[in-house]
There are 4 protein chains.
Amino acid sequence: MTDKNTDKRSALLSATLDLVSNHGFHNTPMAKIAKLADVSAGTIYNYFSNKQDLVDSLYLHIKDEFTNAAFQGYDEEKPVKEGVKLIWFNMIEYKMSNPKQANFLSQCENSQIVSASVREQALQHLQPLLDLWERGQEEEIIRDVSPYLLYAYAVYPLSFFVAVKKRDEFHLTQEMQQHSFEMAWSAITTK
Amino acid sequence: MTDKNTDKRSALLSATLDLVSNHGFHNTPMAKIAKLADVSAGTIYNYFSNKQDLVDSLYLHIKDEFTNAAFQGYDEEKPVKEGVKLIWFNMIEYKMSNPKQANFLSQCENSQIVSASVREQALQHLQPLLDLWERGQEEEIIRDVSPYLLYAYAVYPLSFFVAVKKRDEFHLTQEMQQHSFEMAWSAITTK
Amino acid sequence: MTDKNTDKRSALLSATLDLVSNHGFHNTPMAKIAKLADVSAGTIYNYFSNKQDLVDSLYLHIKDEFTNAAFQGYDEEKPVKEGVKLIWFNMIEYKMSNPKQANFLSQCENSQIVSASVREQALQHLQPLLDLWERGQEEEIIRDVSPYLLYAYAVYPLSFFVAVKKRDEFHLTQEMQQHSFEMAWSAITTK
Amino acid sequence: MTDKNTDKRSALLSATLDLVSNHGFHNTPMAKIAKLADVSAGTIYNYFSNKQDLVDSLYLHIKDEFTNAAFQGYDEEKPVKEGVKLIWFNMIEYKMSNPKQANFLSQCENSQIVSASVREQALQHLQPLLDLWERGQEEEIIRDVSPYLLYAYAVYPLSFFVAVKKRDEFHLTQEMQQHSFEMAWSAITTK
DNA sequence: AATGAATGAGTTTTCATTCAT
DNA sequence: TATGAATGAAAACTCATTCAT
């Protein structure tokens, strides 16, 4: 019972991800989601109260997945640079291996697809990275600037790689990933 | 006559900018655009062949305005760093003074709002910056990496500032702009 | 379930027939069809993919009904003249008893209301009559001319009676039908 | 002045004929007519009170042209069969040489494009043919049936040839025209 | 819980007609 | 008379959501 419930819910989230990441929120009718999830249109409303709720839930789910991936193998004892590097590579790895998820998150960054409240909620996931940066600042390894600036140069550029990859303009090779990390680190470090 | 022509066209572009930047492409019905432009719904189609054409035209117009602003005062004789700095501050200045335009451009980056052909067309505007980067690479001042990487760290982060400013989360002060440029420069330079 | 399905589909086809035969394809908005069928406007699109599909479906349906009526009681063993006569009277009988259907078919003859492909599809229904004519030609009872000519004189004139009847100009009595058949037969026979 | 007037009026009628015969009444916007006639949209309303009036005028004009052609060389002294033959060949000649006009008339036959009153008005043009038939009936050369029947078999089939020719299905050769006339004559004569 | 037909408000777009110039 | 931009009502079609089964 519970399993079945979970199954349908997951199928719906997965279908939504597929369609929204490929065609955008507003080009994704509920009917198509239902069809792809192999479920009746009305059934969606047993699991989500409306389309907004469905997308918000998906956003939270993916953000969670993404953050879990990002902090995989991370522990707070690590030296700052090593920590930043681990997280950065975890992030790019996740985004490259999960293009639909990455694309969906990208779309959510600059649009009003996701409710404001949900977006805020998702911000908290990043706390360990904020803490790490703070430690770096105390150790005078990381520039003493607002975390917004650090985010803009260390995390945000990843979205760009996803966007251009999607359009088949450009693919980030392993070597480029190394360079890219060096650039990110140069941006945020004091050294 | 010509004036009136231009007037209505401009009013329509301006109304579209307002509404799309605030509510997104798909939450902006033609009827609302017409209303805000103080024009009848049918009139739109005297100036644009359809909604897509209207948005594409707006995109090209703003991209043009943005690039003009970006290269204001720039000449190719300038030393590389000076040139990069000038352009970078021009860009941030434009985006901060024209939040609606900046927001609209941001929305276009990661979505399929704008036709592929039009987006490509707009890319050419950036050529002087690509040329400058290339010169910087010849002079071994700028990292020898793909321009996509340079863009990701030197230009793309500006969109983030726009997005968070829009949500009143964070405002980039003059001082922060200085820091931010230093970060961008550190990312892309070899020094 | 199935019944209800069929019911609404039929109601829609019937409403379309009514309105198109009275006011023409382009003076028949979907909204009116929906209203007459006692159905919401959106419901039409559960049964037909668009207006063209609705009209094409109606055309096929009626053509089918008409051809069934035309060949009622016909068998290939009959002498040629008897066969032609039977079919001819079946046709006029159908058209006189089903003026809306007859009128709809008439409208389709000379306009581009119906898709070319669908019209072709419907042509095949006439095959038995073409075969009969061919037999008649082999037996040298029927003029050795293109079936188009035979059609023009033996079948096409029926549309005229429908058209004028519709305008209440003229009604074809039983006696006139006899004369009319004699005229048709005189036109196509060699005797 | 008058000339110019007439010129524009003619240009408008001609443009309407072109467009309506190719695309049908309802697929022919006033704007297109104006453009093809090299005239402003508003100007149409100096010559015709509305779209219906424009089409009605065109219908009368063409019907007039057609009837003139039909009775070319005809005089009432001619023997009946000769007269019928002359008129019949005049008609087919006109229709084959003026496919746009013929097609337009065909479209008007079975639809509500033309106002009822105008259609009636046009009927009177046929009077000489009706008179000829009547003479034929007095001379017992032509079947003693309603002129509607005579029309259905002697004139109406011509519309069919136009319709199929338009669709490139079938072209009536000179030889076929001979056969066709024989069929028409067989239908209406007593002999 | 699950279904999916039905809804009807909302969307883009067209077009006959008007009217200020 | 001629223009053609402007109008706005109406058209075809979409889709989130509901509800009887």
Side-chain angles (χ1 to χ4, degrees), chain A residues 1-2 4-5 8-9 25-35 37-55, chain B residues 1-2 4-5 7-9 26-35 37-54, chain C residues 1-2 4-5 7-9 26-35 37-54, chain D residues 1 4-5 8 25-35 37-55:
Chain A
M1 212 113 302
T2 317
K4 209 173 177 184
N5 262 1
K8 288 211 169 140
R9 213 186 115 94
F25 177 72
H26 283 282
N27 292 316
T28 299
M30 295 296 260
K32 271 194 196 167
I33 295 175
K35 195 168 202 177
D38 208 24
V39 141
S40 154
T43 301
I44 299 182
Y45 294 84
N46 288 329
Y47 296 92
F48 305 96
S49 51
N50 52 38
K51 196 180 178 183
Q52 187 62 63
D53 180 38
L54 169 56
V55 169
Chain B
M1 211 126 294
T2 318
K4 211 171 178 184
N5 233 3
D7 275 7
K8 272 191 182 151
R9 212 187 117 94
H26 285 284
N27 290 315
T28 300
M30 296 299 258
K32 272 194 194 165
I33 295 174
K35 198 167 204 174
D38 206 24
V39 139
S40 160
T43 299
I44 299 181
Y45 295 85
N46 288 334
Y47 296 91
F48 304 96
S49 50
N50 51 42
K51 196 178 179 183
Q52 187 63 63
D53 180 40
L54 169 56
Chain C
M1 212 127 294
T2 317
K4 211 171 179 182
N5 233 4
D7 274 6
K8 274 197 180 146
R9 211 187 117 94
H26 285 285
N27 289 316
T28 300
M30 296 299 258
K32 271 193 195 164
I33 294 174
K35 197 167 204 175
D38 206 24
V39 140
S40 161
T43 299
I44 299 181
Y45 296 87
N46 288 334
Y47 295 91
F48 304 96
S49 51
N50 51 42
K51 196 179 177 182
Q52 187 63 62
D53 180 39
L54 169 55
Chain D
M1 213 112 300
K4 210 172 176 185
N5 263 1
K8 288 209 169 142
F25 177 73
H26 284 282
N27 291 317
T28 299
M30 294 297 258
K32 271 195 195 164
I33 295 174
K35 195 168 201 177
D38 209 23
V39 141
S40 154
T43 300
I44 299 181
Y45 294 85
N46 288 328
Y47 297 93
F48 305 96
S49 51
N50 52 40
K51 197 179 178 184
Q52 187 62 62
D53 180 38
L54 169 55
V55 169

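Note that these values count all heavy atoms, side chains included, but never hydrogens, waters or copies made by symmetry.
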Rounded to whole Å, the CG-P distance (Asp38(C) to dG8(E)) equals 11 Å
From CG of Asp7(C) across to C1' of dA6(E) the rounded distance in Å is 15 Å
Exercise for the section: Report yes if at least one side-chain N or O of Tyr47(D) is closer than 4.0 Å to OP1 or OP2 of dT1(F); otherwise report no. Expected result: no
dist Thr43(D):OG1 -> Ile33(D):CD1 (nearest 0.5 Å) comes out at 13.0 Å
One should read off an interatomic distance between Ser40(B) OG and Lys8(B) NZ, to the nearest 0.5 angstrom, of 9.5 Å
Over 12 non-hydrogen atoms of neighbours within 6.0 angstrom of CG in Asp38(C): no
Per the 3.5 Å Watson-Crick/G-U criterion and a run length of at least three, the stems involving DNA chain F are E:2-21 with F:2-21
* **Face-on cation placement of Lys51(A) at Phe25(A) ring, 6.0 Å and 45° thresholds** => yes
Protein heavy-atom contacts under 4.0 Å, written 5' to 3' over nucleotides 9-15 of chain E as B (base), S (sugar-phosphate only) or - (none), form the string --SSBBS
Requested in this report: Would you please test Met30(A) and Phe48(A) for side-chain contact (heavy atoms from CB on, under 4.5 Å) and show each step?
Outcome: CA-CA 11 Å; Met30(A) 295 296 260; Phe48(A) 305 96; over 6 Å; no
Rounded to whole Å, CZ of Phe48(D) lies from P of dA2(F) at a distance of 12 Å
To the nearest angstrom, the NZ-P distance between Lys35(B) and dT7(F) comes to 14 Å
Nearest heavy-atom approach of Asn50(C) to Asp53(C) is OD1-N, 2.8 Å
Taking OP1 and OP2 of dA2(E), is either one under 4.0 Å from a side-chain nitrogen or oxygen of Asn46(A)? yes
Here the gap from Arg9(C) atom CZ to Leu54(C) atom CG, rounded to the nearest 0.5 Å, amounts to 9.0 Å
Ile44(D) atom CD1 is separated from dT1(F) atom P, nearest whole Å, by 16 Å
**Lys8(A) side-chain N/O to dA2(E) phosphate OP1/OP2 under 4.0 Å** = yes
Ile33(D) atom CD1 is separated from dG4(F) atom C1', nearest whole Å, by 16 Å
Here the pair of heavy atoms bringing Lys32(C) nearest to Asn27(C) is NZ-O, 4.4 Å
